[in-house]
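Just below is one structure, and these are the notes that go with it.
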Amino acid sequence: MPPTTTTLLLITLATTGLACAAAPADDGTAEVTASLVIASSDVRCINVKAVGTTTVTTQADVQGQMSSVLLLTGIPVGGVTFTASAFSVRCAGATTATYVSDPVTATVAAGTPLTLSFKMRPASAMGTGSATLDFPQAHGRTDEFLPSSGSGTTVTSVEGGPDGNIWFGMGSNGVGVMSPAGKQLVSFNPANLATGNLYDFEDLAFGPDDNLWFVDLSGLIGRMTTSGTVKGFAVSGFTGGSIAAGPDGNMWFTDSNGPRVGKMTPLGISTMFPIPTPVGFPTGIAAGADGNLWFTEASGNKIGKVTPAGVITEFTVPTASARPTAIAAGPDGNLWFTELVGNKIGRITTAGVITEFAFAITGMKPAKITRGADGNLWAACGGGGAIAKVTTAGVITLYPAASDSSSPADITAGPDGNIWFGETPRVGRLTP
């Protein structure tokens with residue numbers, strides 16, 4: 001979050017009596033309980049304190065929530081003057097604040113909405129280096145876990161496994177397996193027996209055979225058992241792309257520079273299908289509810305459909321140069337895709353009708369997208385350091401990743417019902 005970031009909050013104050021016959025305060029003015037409803041974005045914690053009192057002080061965890069309610073007691077009837085400040089840290093445990101806001105002073109009256117603007121600055125500029133905040137886990141909270149290989153790890157892909165764990169690729173550093181609690185259980189870093197080189201684990205996908213299939217940028221599609229046994233299958237001219245399980249029992253993958261879409265049987269026999277647009281640069285791929293495979297063309301600015309027999313149809317994305325990147329099947333029977341440059345989330349029906357939904361904030365750079373167990377779509381936004389929830393109506397809600405330097409890239413729905421994402425050098429978890 002840059003030092004000049006401004007965050008707006010809408011605060012509505014409503015008051016109710018403490019009792020049917022509330023005793024007057026020392027100054028003869030009755031006191032009430034006030035409910036502050038806070039709608040926030042881009043900040044994690046809000047601190048509110050009434051001016052001139054010690055009884056009206058509270059902190060609220062607003063990370064990942066469209067609104068948060070604060071109950072303040074001991075407020076004089078008619079309104080209260082308070083100071084408020086925002087923190088960029090998570091509200092769980094003792095955490096160092098990377099950014100804090102200038103304090104804002106305002107007066108609110110009962111039933112009167114108020115808009116506040118917080119200007120975020122580095123904590124060092126405020127003369128303090130940390131803020132200790134302790135709140136329980138809440139809806140929308142994100143946590144990060146560092147793989148056992150350390151801070152030099154490159155997390156290339158994350159995938160929920162049939163064993164109930166989270167599997168993540170680390171390029172030539174192998175594959176890690178993490179429990180839903182965030183504990184790394186094991187890692188595999190096998191070598192190709194034919195060449196002696198380490199396998200390069202890029203995009204991952206579990207197949208109908210419960211094996212982990214992966215893209216190896218050296219020209220292979222690899223198959224790995226959950227016990228760590230690997231076999232690579234060479235694909236002539238293959239230079240990398242994405243992989244997904246198809247409804248026909250095969251694995252399907254994109255060859256970005258081919259430009260082709262490929263099908264591989266469980267035995268490793270591949271068939272390639274050139275796409276009609278030579279400069280298309282096929283990128284993401286996913287199985288649709290219609291029994292076909294759907295893929296994005298980042299350079300061609302199109303969405304492609306390929307039947308199990310290899311017949312390809314293309315549909316142009318309305319926003320020019322949007323760079324469609326990843327795609328996933330939605331719970332509504334449509335396909336949903338990210339526009340890395342267009343700063344939008346797209347929806348395409350199986351008939352090819354495209355609708356786009358723009359982010360309210362520029363530069364989000366949505367990369368990968370997945371379907372959550374909660375019936376929404378979730379996208380990793382590397383440019384905004386956030387995870388986006390997208391309803392099937394196209395309503396987008398942003399949840400900041402746990403670290404302010406986060407740049408989420410890959411994302412998946414975990415077997416535990418949470419959303420998991422990869423952001424070098426960590427694996428992140430979001431509670432929907």
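When each of W167, F201, F253 is checked for a ring-ring contact (aromatic ring centres under 6.0 Å, His included) with F214, only F201 meets the rule.
Here CG of D209 is found 7.0 Å from CZ of R223. Values are rounded to the nearest 0.5 Å. Residue M251 holds its CE atom at 11.5 Å from OG1 of T265, rounded to the nearest 0.5 Å. Here the CG atom belonging to L198 is positioned 5.0 Å from the CG atom belonging to N189, to the nearest 0.5 angstrom. The distance from atom CE of M364 to atom CG of L398, rounded to the nearest 0.5 Å, is 4.5 Å. Taking NZ from K231 and CG from L267, the interatomic distance works out to 10.5 Å, rounded to the nearest 0.5 Å. Distance check: I348 CD1 to W336 CH2 gives 12.0 Å after rounding to the nearest 0.5 Å.
The backbone N or O of S148 lies less than 3.5 Å from a partner atom in the side chain of Q184, making a donor-acceptor pair. In terms of modelled atom types and a separation under 3.5 Å, the side chain of N192 and the main chain of Y199 share no donor-acceptor contact. With T370 contributing its side chain and T412 its backbone, the two residues share no donor-acceptor pair below 3.5 Å. Between the side chain of S256 and the backbone N or O of T283 there is no donor-acceptor pair closer than 3.5 Å. The closest donor-acceptor contact from the side chain of S157 to the backbone of F168 lies at 3.5 Å or more, if one exists at all. T338 contributes a side-chain N or O that, together with a main-chain N or O of A367, makes up a donor-acceptor pair within less than 3.5 Å. The backbone N or O of T319 lies less than 3.5 Å from a partner atom in the side chain of N301, making a donor-acceptor pair. With T296 contributing its side chain and G284 its backbone, the two residues share a donor-acceptor pair below 3.5 Å. A distance-only check finds no donor-acceptor pair linking the side chain of S187 to the backbone of G176 [under 3.5 Å]. Using a distance-only test at 3.5 Å, with no hydrogens or angles considered, a donor-acceptor pair links the side chain of T254 to the main chain of S242.
The shortest side-chain heavy-atom distance between F206 and P162 falls under the 4.5 Å cut-off. A 4.5 Å side-chain heavy-atom check between S149 and N173 finds every atom pair outside the cut-off. Here the side chains of L204 and L212 are in contact, with some heavy-atom distance below 4.5 Å. Looking only at side-chain heavy atoms (C-beta outward), I419 and I411 come within less than 4.5 Å of each other. Using a 4.5 Å heavy-atom threshold, the side chains of T277 and P259 count as separate. The shortest distance between side-chain heavy atoms of F357 and T355 falls below 4.5 Å. With contacts defined as side-chain heavy-atom distances shorter than 4.5 Å, the pair P180/N418 does not qualify. The closest side-chain heavy-atom distance from V306 to V311 is not below 4.5 Å.
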**Message:** Evaluate V317 against E356 for side-chain contact (heavy atoms from CB on, under 4.5 Å), listing each step before the verdict.
**Reply:** CA-CA 9 Å; V317 175; E356 297 172 299; 3.4 Å; yes
**Request:** Take D410 and T156 through the side-chain contact (heavy atoms from CB on, under 4.5 Å) test and state the conclusion after the steps.
**Result:** CA-CA 7 Å; D410 199 16; T156 59; over 6 Å; no
**Message:** What verdict does the side-chain contact (heavy atoms from CB on, under 4.5 Å) test give for V427 and W420, after you've listed the backbone C-alpha separation in whole Å, the side-chain angles of each residue and the deciding distance to 0.1 Å?
**Reply:** CA-CA 7 Å; V427 175; W420 289 79; 3.6 Å; yes
**Asked** After noting the C-alpha distance and the side-chain angles of E159 and W213, does the key distance pass the side-chain contact (heavy atoms from CB on, under 4.5 Å) rule?
**Response** CA-CA 11 Å; E159 185 76 7; W213 291 77; over 6 Å; no
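Across every non-hydrogen atom of L293 and P247, the tightest pair is CD2-CD, 3.7 Å. Minimum interatomic distance between T350 and G333 (heavy atoms only, all atoms of both residues): CG2-O, 3.8 Å. Among all heavy-atom pairs drawn from N250 and M264, the shortest one is CB-O, 3.3 Å. Summarising the geometry of D248 relative to P308, their closest heavy-atom pair is OD2-CB, 4.0 Å, with the distance given to 0.1 Å. Nearest heavy-atom pair across N376 and K389 is ND2-CD, 3.6 Å. In terms of heavy atoms, F188 sits closest to S227 at CE2-O, 3.4 Å.
Aromatic rings of W252 and F295 (six-membered ring for Trp) have centroids beyond the 6.0 Å cut-off, not under it.
Counting heavy-atom neighbours within 6.0 Å of K305 NZ, excluding the residue itself, gives a total above 12.
Side-chain N/O atoms of D255 and T239 include a donor and acceptor closer than 3.5 Å.
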